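Notes follow once the structure below has been shown.
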Amino acid sequence: MNIPNIKIYNTLARRKEDFVPRDKGHVGIYVCGPTVYGYVHVGNARPFVFFAVFARYLRHIGYEVKLVENITDVDDKIIERANKEGVDSDEIATEYSDAYIEDTCALGLGRPNVEPRATEHMEDIINFCKELVEAGYAYETGGSVYYRVREFLEYGKLSGQKTDQMKHCELAREGEAKESPLDFAIWKAAKPGEPNWESPWGPGRPGWHIECTAMSLRYLGAKFDIHGGGRDLVFPHHENEIAQAEAVTGTAFARYWMHNGMITRKDEKMSKSLGNIFLLREFMKKYDPRVLILFFLGSHYRSPLEFSERNLDEAAGMLERFRNCFWKAESVLQELAAAERARAESVVSEDGPGGALVAATEKAQVQFHAEMCDDVNTAGALAAAFVLVRAINEYAETAPVTNEIDSQLLRDARDRLAELLEILGVKFSPEEYTQTGMEQELLELLEKREQARKAGDYAAADAARDQLAEAGYEVRDTPQGPKLVKKS
RNA sequence: GGCGACGUGGCCGAGUGGCUAGGCAGAGGUCUGCAAAACCUCGUACAGCGGUUCGAUUCCGCUCGUCGCCUCCA
């Protein structure tokens with residue numbers, strides 16, 4: 001098994017690095033998932049989609065991948081929301097984590113291997129806090145436990161922040177129980193009515209950050225390969241995770257840090273606090289999930305990406321172009337089969353259309369992999385797929401005319417394209433591009449139109465076409481006769 | 001104030017020290033009753049100003065502009 005070398009932009013190093021897994025042939029990835037106090041929005045979906053696609057690619061090239069994506073189900077925001085609605089906080093957590101699973105399932109990318117929840121790992125979390133206290137990296141005060149930031153000399157190495165220049169240094173609040181304003185809570189003493197767990201410091205709940213450290217180490221171990229999430233998590237979330245983990249393990253936490261850029265609206269980050277979010281479930285009501293995938297994959301994962309109607313339409317256009325290509329290939333293949341013109345032996349002359357198709361297929365695959373291996377350049381990979389689309393269309397268009405068509409060649413190229421797209425999480429089902437299995441009356445209507453056309457009765461022909469359009473089908477006249485294709 | 005990213009043709013969006021990204025839209029053509037789909041041809045773009053270089057959109061510096069983080073946030 002020969003796994004190609006891939007490069008990853010590592011936030012920690014601030015440059016692209018060759019990826020070397022900790023365990024040969026295996027990749028462990030931890031991605032920060034949502035805190036469940038509301039429905040996930042399009043911005044939340046980006047890392048979910050990106051890392052799902054990345055994992056698919058890694059598997060495709062031969063790695064065994066363990067993708068861990070947490071669900072934070074205990075947190076201030078959840079409590080806040082529960083109080084506002086007058087319900088129990090775990091009701092909120094359950095409602096929205098169920099919704100999260102449901103919404104992301106609809107993307108058709110499967111699930112991560114493990115989706116750990118904070119509430120199911122309290123023992124790990126408490127033990128982790130204990131170790132931090134014992135090691136002198138954390139201290140208890142008033143039932144809460146804080147991380148002693150000054151104790152961790154490398155604090156700031158991920159985000160490039162210098163502790164003495166941080167804004168909130170200037171904003172130290174009065175009466176704070178912390179030793180330093182930089183310190184952050186790893187365990188919060190329970191207030192009345194809040195969810196709580198027993199701990200050596202009394203009833204309480206975990207602070208933000210600690211659950212990810214505890215769970216990532218639990219499932220992937222120290223020095224695991226890749227830790228991912230949105231750019232906005234670099235500081236303080238990931239910085240703090242590093243501080244916690246490395247203080248206890250005494251060794252590197254994650255070795256590669258990958259951060260996706262923000263989804264924006266009118267150039268502003270899509271975020272709950274700005275109130276400009278677009279819910280994933282709302283999106284799904286309007287668009288095919290693959291449109292979202294192509295929308296994301298059309299730009300590099302580290303770039304910000306504007307969520308606009310125009311950009312979405314463009315992604316929808318890509319989907320349509322892929323589908324048309326499958327449709328075209330399929331209808332030519334069907335004709336060949338029906339006419340028994342398919343030949344068993346290949347007639348590929350290097351300067352003929354077949355040779356060009358074979359060359360283009362090869363080239364597209366090479367380009368696709370080169371792009372994916374270069375910091376997961378999905379936009380470039382898509383461009384490679386489009387090169388193949390053009391080659392297939394061209395072949396399907398011209399080869400039958402010159403009578404040099406080889407159905408096996410066409411089928412191969414089509415299958416290669418399908419394979420590349422499937423790696424990217426974009427799959428097509430035959431119903432989307434074949435005429436088989438269509439209702440008889442539709443086909444009769446199509447035939448009726450054809451008769452009318454031949455008779456020169458274009459008014460009747462167009463009426464039949466309109467009827468078909470109403471039924472959701474588009475008529476396409478091809479050299480092989482009229483065809484029906486489902487409207488997208 | 002500190003840290004960081006970005007500014008590519010009408011739009012979106014890759015990329016590179018000299019060699020075609022790609023998609024959408026647009027113009028012309030092929031096919032076609034029309035339409036749709038597809039194919040062919042067409043745009044000499046890289047914020048501005050300097051510098052390095054035989055040569056820079058690509059490297060360096062400065063300026064302008066936009067954005068993110070430093071507080072909850074994917």
Side-chain angles (χ1 to χ4, degrees), chain A residues 11 14 31-35 37 40-51 69 75-77 80 156 159-171 208 228-237 239 259-264 267-274 277 294-295 298-300 302-306 308 310-318 320-325 327-328 331 367 371 374 377-387 389-390 392-398 401 453-454 456-459 461-462 465-466 469 474-479 482-483 485 487:
Chain A
T11 307
R14 273 166 260 273
V31 180
C32 286
T35 299
Y37 64 94
V40 290
H41 57 76
V42 168
N44 297 314
R46 192 182 199 186
F48 184 91
V49 169
F50 173 72
F51 285 102
E69 243 171 284
D75 172 88
D76 293 359
K77 294 278 188 180
E80 201 178 287
S159 60
Q161 303 287 332
K162 299 202 172 51
T163 51
D164 51 354
Q165 279 174 167
M166 286 183 193
K167 220 176 188 177
H168 65 250
C169 285
E170 303 155 21
L171 307 169
W208 186 42
R231 261 222 89 75
D232 53 351
L233 294 182
V234 172
F235 192 93
H237 187 54
E239 196 72 70
H259 292 101
N260 62 273
M262 299 295 103
I263 298 299
T264 60
D267 284 333
E268 259 188 338
K269 175 183 166 185
M270 181 185 288
S271 77
K272 291 171 193 162
S273 48
L274 285 172
I277 60 172
L294 288 169
F295 166 66
S299 81
H300 190 92
R302 281 189 280 118
S303 303
L305 179 56
E306 175 73 13
S308 65
R310 188 168 188 159
N311 288 350
L312 292 173
D313 287 347
E314 208 169 288
M318 290 188 207
E320 185 61 10
R321 184 157 163 79
F322 285 129
R323 189 180 71 125
N324 285 335
C325 180
W327 172 79
K328 195 174 192 60
S331 51
Q367 191 185 334
E371 297 287 9
D374 183 11
N377 189 347
T378 51
L382 276 176
F386 281 115
V387 167
V389 166
R390 169 157 290 143
I392 291 171
N393 281 333
E394 196 182 340
Y395 187 72
E397 187 93 1
T398 62
V401 179
R453 275 183 77 208
K454 280 185 179 149
D457 185 358
Y458 296 122
D462 289 348
R465 184 166 63 192
D466 289 345
E474 193 178 289
V475 178
R476 290 181 188 169
D477 291 319
T478 74
K483 302 272 187 184
V485 57
K487 282 196 197 166

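Since this is a predicted model, take the numbers as computed values, not measurements. To find a chain, count down the sequence lines: A is the first, B the second, and so on, and within it residues start at 1.
Although no hydrogens or angles enter the test, the distance criterion places a donor-acceptor pair under 3.5 Å between the side chain of Arg46(A) and the main chain of Gly261(A). Judged by distance alone, with hydrogens and angles left aside, the side-chain atoms of Glu239(A) form no donor-acceptor pair with the main-chain N or O of Val234(A) at under 3.5 Å.
Note that OG of Ser308(A) is 8.5 Å distant from CD of Glu314(A), once rounded to the nearest 0.5 Å. Leu382(A) CG to Asn377(A) CG: the interatomic distance, rounded to the nearest 0.5 Å, is 9.5 Å. The OG atom of Ser159(A) lies 10.0 Å from the CZ atom of Arg231(A); values are rounded to the nearest 0.5 Å. Rounded to the nearest 0.5 Å, atoms CD1 (Ile392(A)) and CZ (Arg390(A)) are 12.5 Å apart. Atoms CZ and CG, from Arg310(A) and Leu312(A) in turn, are 12.5 Å apart once rounded to the nearest 0.5 Å. Here the CD atom belonging to Glu306(A) is positioned 11.5 Å from the OG atom belonging to Ser299(A), to the nearest 0.5 angstrom.
Taking only side-chain nitrogens and oxygens, Lys483(A) never comes nearer than 4.0 Å to OP1 or OP2 of A36(B).
Here C70(B) presents its C1' atom at 14 Å from CG of Leu233(A), a figure rounded to the nearest Å. Atom P of nucleotide C6(B) and atom NZ of Lys269(A) are separated by 18 Å, given to the nearest angstrom. If you measure from atom CZ of Arg302(A) to atom P of G4(B), you get 15 Å, rounded to the nearest angstrom. Nucleotide C24(B) holds its P atom 13 Å from the CG atom of Asp313(A), rounded to whole Å. The interatomic distance linking Glu306(A) (CD) with U66(B) (P) rounds to 15 Å, in whole Å. Going from atom CD of Glu268(A) over to atom P of A74(B) covers 17 Å, rounded to whole Å. Put simply, CD on Gln161(A) is 8 Å from P on C70(B), counting in whole angstrom units. Between Arg323(A) atom CZ and G23(B) atom P there is a gap of 18 Å when expressed in whole angstrom units.
Listed by chain and number, the residues in a ring pair (Phe, Tyr, Trp, His ring centres under 6.0 Å) with Phe386(A) are Phe322(A) (sequence neighbours excluded). Considering only residues two or more places apart in sequence or on other chains, Glu371(A) meets the salt bridge (Lys or Arg N to Asp or Glu O under 4.0 Å) condition with none of them. Contacts of His41(A) classified as side chain to side chain donor-acceptor pair (under 3.5 Å), with partners at least two apart in sequence or in another chain: Asn44(A). With sequence neighbours excluded, no residue forms a side chain to side chain donor-acceptor pair (under 3.5 Å) with Glu69(A). Looking at residues two or more places apart in sequence or on another chain, you find no salt bridge (Lys or Arg N to Asp or Glu O under 4.0 Å) involving Asp313(A). Residues forming a side-chain contact (heavy atoms from CB on, under 4.5 Å) with Ser303(A) (at least two apart in sequence, or on another chain): His300(A). Listed by chain and number, the residues in a salt bridge (Lys or Arg N to Asp or Glu O under 4.0 Å) with Asp232(A) are Lys269(A) (sequence neighbours excluded). A search for salt bridge (Lys or Arg N to Asp or Glu O under 4.0 Å) contacts involving Arg302(A) returns Asp375(A), not counting sequence neighbours.
One can find a donor-acceptor pair under 3.5 Å joining the base of G33(B) and the side-chain atoms of Asp462(A). At a cut-off of 3.5 angstrom, the base of G68(B) holds no donor-acceptor pair with the side chain of Arg231(A).
Nucleotides C59(B) and A25(B) have their C1' atoms positioned 35 Å apart, rounded to a whole Å. Comparing the C1' positions of G23(B) and G9(B) gives an interatomic distance of 14 Å, to the nearest angstrom. Rounded to a whole angstrom, the distance from the C1' atom of A45(B) to that of U16(B) is 14 Å. The separation of G22(B) from U8(B), taken at their C1' atoms, amounts to 14 Å, rounded to a whole angstrom. Nucleotides G55(B) and G18(B) are separated by 6 Å at their C1' atoms, to the nearest Å. Comparing C24(B) with G33(B), their P atoms are spaced 26 Å from each other, to the whole Å. Comparing the C1' positions of G13(B) and A21(B) gives a spacing of 10 Å, expressed to the nearest Å. Rounded to a whole angstrom, the distance from the C1' atom of C54(B) to that of G29(B) is 42 Å.
Base engagement by Met262(A) is indicated by at least one non-hydrogen atom pair under 4.0 Å involving a base atom. Note on Val31(A): nothing from the nucleic acid sits closer than 4.0 angstrom, heavy atoms only. Within the 4.0 angstrom heavy-atom criterion, only backbone atoms of the sugar-phosphate kind lie near Lys272(A); the bases stay farther away. Base engagement by Asn44(A) is indicated by at least one non-hydrogen atom pair under 4.0 Å involving a base atom. Note on Leu274(A): nothing from the nucleic acid sits closer than 4.0 angstrom, heavy atoms only. When heavy atoms are screened at a 4.0 angstrom cut-off, Gly229(A) is found touching the sugar-phosphate backbone but no base atom. Within 4.0 Å of Ser159(A), counting heavy atoms only, lie sugar-phosphate atoms of the nucleic acid but no base atom. Within the 4.0 angstrom heavy-atom criterion, no nucleotide atom of any strand lies near Gly156(A).
Of the two residues contacting RNA chain B, namely Thr35(A) and Gly317(A), the nearest-nucleotide position lying further toward the 5' end is that of Gly317(A). Taking for each of Ala384(A) and Gly261(A) the nucleotide of RNA chain B with the nearest heavy atom, the 5'-most of the two is the partner of Ala384(A).
Closest contact between the side chain of Ala383(A) and the listed nucleotides C3(B), G22(B), A35(B) involves G22(B). Residue Tyr458(A) places its side chain closer to G33(B) than to any other of G33(B), U66(B), A74(B).
The side-chain ring of Phe386(A) is not stacked on the base of G22(B), judged by centre separation under 5.5 angstrom and plane angle under 30 degrees.
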Using a cutoff of under 3.5 Å, can you pull out all pairs of nitrogen or oxygen atoms linking the protein to nucleotides 14-17 of chain B, with atom names and distances?
| residue | atom | partner | partner atom | Å |
| --- | --- | --- | --- | --- |
| A14(B) | OP1 | His300(A) | N | 2.6 |
| A14(B) | OP1 | Ser303(A) | OG | 3.4 |
| A14(B) | O3' | Asn377(A) | ND2 | 2.9 |
| A14(B) | O2' | Asn377(A) | ND2 | 3.2 |
| G15(B) | OP1 | Asn377(A) | ND2 | 3.3 |

Write out a two-atom table: protein N or O, nucleotide N or O from nucleotides 9-11 of chain B, distance below 3.5 Å.
| residue | atom | partner | partner atom | Å |
| --- | --- | --- | --- | --- |
| C11(B) | O2' | Arg310(A) | NE | 3.2 |

For nucleotides 37-43 of chain B, read 5' to 3', which letter fits each nucleotide if B means a protein heavy atom sits under 4.0 Å from the base, S means only the sugar-phosphate is that close, and - means neither? SBSS---
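Annotation: side chain of Lys328(A) is not in contact with side chain of Lys483(A) (no heavy-atom distance under 4.5 Å).
Counting only Watson-Crick and G-U wobble pairs whose two distances sit under 3.5 Å, RNA chain B takes part in these stems of three or more pairs: B:1-7 with B:64-70, B:10-12 with B:22-24, B:26-30 with B:38-42, B:47-51 with B:59-63.
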